[in-house]
Amino acid sequence: MECRVLSIQSHVVRGYVGNKSASFPLQVLGFEVDSINSVQFSNHTGYSHWKGQVLTADELHVLYEGIKLNNVHHYDYVLTGYSRDTSFLEMVVDIIQELKRANPSLVYVCDPVLGDHGSMNKVVPVADIITPNQFEAELLTGKNISTEKEAVEVMDLLHAMGPDTVVITSSDLPSRLGDQFLVSLGSQRTVHPDGSRSTQRVRMDVPKVDAVFVGTGDLFAAMLLAWTHHYPNDLKTACEKTFSVMHHVIQRTISYAHELAGPGRRPSPPQLELRMVQSKADIEDPAIVMRATVIS
């Protein structure tokens, strides 16, 4: 059965960010991906220079109307990332609500990377899966995270806003494996056929990498979409697959970047572009190198 994703994200000509980070990995895993480019830039903004265009809310509506007029607007998933404009985000919400009316089982995966608190609070209630970092989770809930217990409370607050799956991609919580690791936490609320509910929560210790990557958040959200699709009621396995893909891509990227930069030199933004095509086999069938711990 064909599974189709509408991905509304940024686009770059050179490199991997937004739709360029999400589309190829999803296609490799068998998803049909329809992309709307919220911006079209020459490259990501971490370079010294960039040029390009920004899609307006009205232009987004025109593109969606074209899809709808042809009656090809049935989607199983919607995926969104960074949005710099409140009106654009509100149009995205309108589109998702209409798509959900057409297909009530549609799953909306949102990487909430807009700093505008009010705008994101319109998005989160229609989202099914969200992937905030600690700062974004704190901003959305108004609650600080300094312990694992507080992180669980924040994830429960986010569940109460709408999403059934919440993954805090990175946090400042101390890792049991030492200061060279970041802590990520996930929570999945499941409604069973008899109407009862259960929640699975997991914790992962993720190795830190001394480099600044762009597009990793977009890749993460896409991979979580894919692996929760394949393991819909098993957040532990979905996270292990997702984080393992991230680990393989990042390790391949950093090795290549250091090779290009030469001994003792910090790699440049072009050298740190994700090695996506070279990681095709790892995306398709990742060796599990990241393990999740189920927490109470």
Side-chain angles (χ1 to χ4, degrees), residues 15-18 20-29 31 44 46 79 81 109 111 113 129 131-134 151 165-188 200-231 234-261 266-267 269 271-295:
Y16 291 94
V17 70
K20 284 285 289 288
S21 258
S23 296
F24 172 73
L26 285 170
Q27 288 167 329
V28 160
L29 287 167
F31 294 83
H44 71 68
L79 174 63
V109 182
D111 185 13
V113 285
I129 299 173
T131 58
N133 59 28
Q134 178 177 331
T165 301
V166 177
V167 177
I168 298 176
T169 55
S170 62
S171 75
D172 297 328
L173 295 177
S175 168
R176 295 158 194 170
L177 300 179
D179 60 7
Q180 293 306 302
F181 289 79
L182 292 168
V183 172
S184 299
L185 298 119
S187 180
Q188 184 177 56
Q200 184 187 51
R201 300 187 183 96
V202 298
R203 171 192 175 110
M204 301 197 73
D205 296 271
V206 183
K208 291 180 181 177
V209 179
D210 184 23
V212 177
F213 299 98
V214 178
T216 47
D218 307 314
L219 174 61
F220 183 91
M223 291 299 88
L224 191 64
L225 181 162
W227 293 114
T228 52
H229 174 78
H230 290 299
Y231 300 93
D234 185 359
L235 183 64
K236 180 179 186 292
T237 300
C239 281
E240 288 175 346
K241 294 270 193 180
T242 298
F243 278 94
S244 293
V245 169
M246 299 303 299
H247 177 80
H248 294 307
V249 173
I250 287 170
Q251 289 304 313
R252 183 170 286 105
T253 300
I254 196 71
S255 297
Y256 179 76
H258 281 308
E259 194 179 305
L260 284 183
R266 288 191 73 83
Q271 291 167 341
L272 285 166
E273 290 285 8
L274 297 178
R275 301 295 285 169
M276 201 75 80
V277 173
Q278 297 77 8
S279 301
K280 177 177 175 288
D282 290 318
I283 292 166
E284 284 182 290
D285 186 20
I288 303 302
V289 292
M290 308 293 292
R291 295 289 179 184
T293 303
V294 176
I295 58 176

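The chain is numbered in sequence order, starting from 1.
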Margin query: Testing the 3.5 Å rule here: is there a donor-acceptor pair between the side chains of D111 and T131?
Written below: yes

Check: Does any non-hydrogen side-chain atom of V183 lie less than 4.5 Å from one of D205?
Finding: yes

Does [X] have any side-chain contact (heavy atoms from CB on, under 4.5 Å) partners at least two apart in sequence or in another chain, and if so, which?
X    : value
T228 : I129, L224, A238
R266 : D210
P267 : A257, H258, A261, Q271, L272

Checklist line | side chain to side chain donor-acceptor pair (under 3.5 Å) against T293, all qualifying residues, sequence neighbours excluded | finding: none

Working to the nearest 0.5 Å, report the span between [atom1] of [X] and [atom2] of [Y].
X    : Y    : atom1 : atom2 : value
M246 : M290 : CE    : CE    : 10.0 Å
Q134 : S184 : CD    : OG    : 10.5 Å
R291 : S244 : CZ    : OG    : 7.5 Å
T165 : Q188 : OG1   : CD    : 4.0 Å

Next item on the list: State which residue, out of L274, I254, T216, fulfils the side chain to side chain contact (heavy atoms under 4.5 Å, CB included) condition with V249.
Entry: L274

Next item on the list: Mind checking ring pair (Phe, Tyr, Trp, His ring centres under 6.0 Å) for H229 and listing every partner two or more places apart, or none if nothing turns up?
Entry: F31, Y77

Checklist line | Y16: ring pair (Phe, Tyr, Trp, His ring centres under 6.0 Å) partners, not counting sequence neighbours | finding: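 In terms of ring pair (Phe, Tyr, Trp, His ring centres under 6.0 Å), with neighbours along the sequence ignored, Y16 is linked to no residue.
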
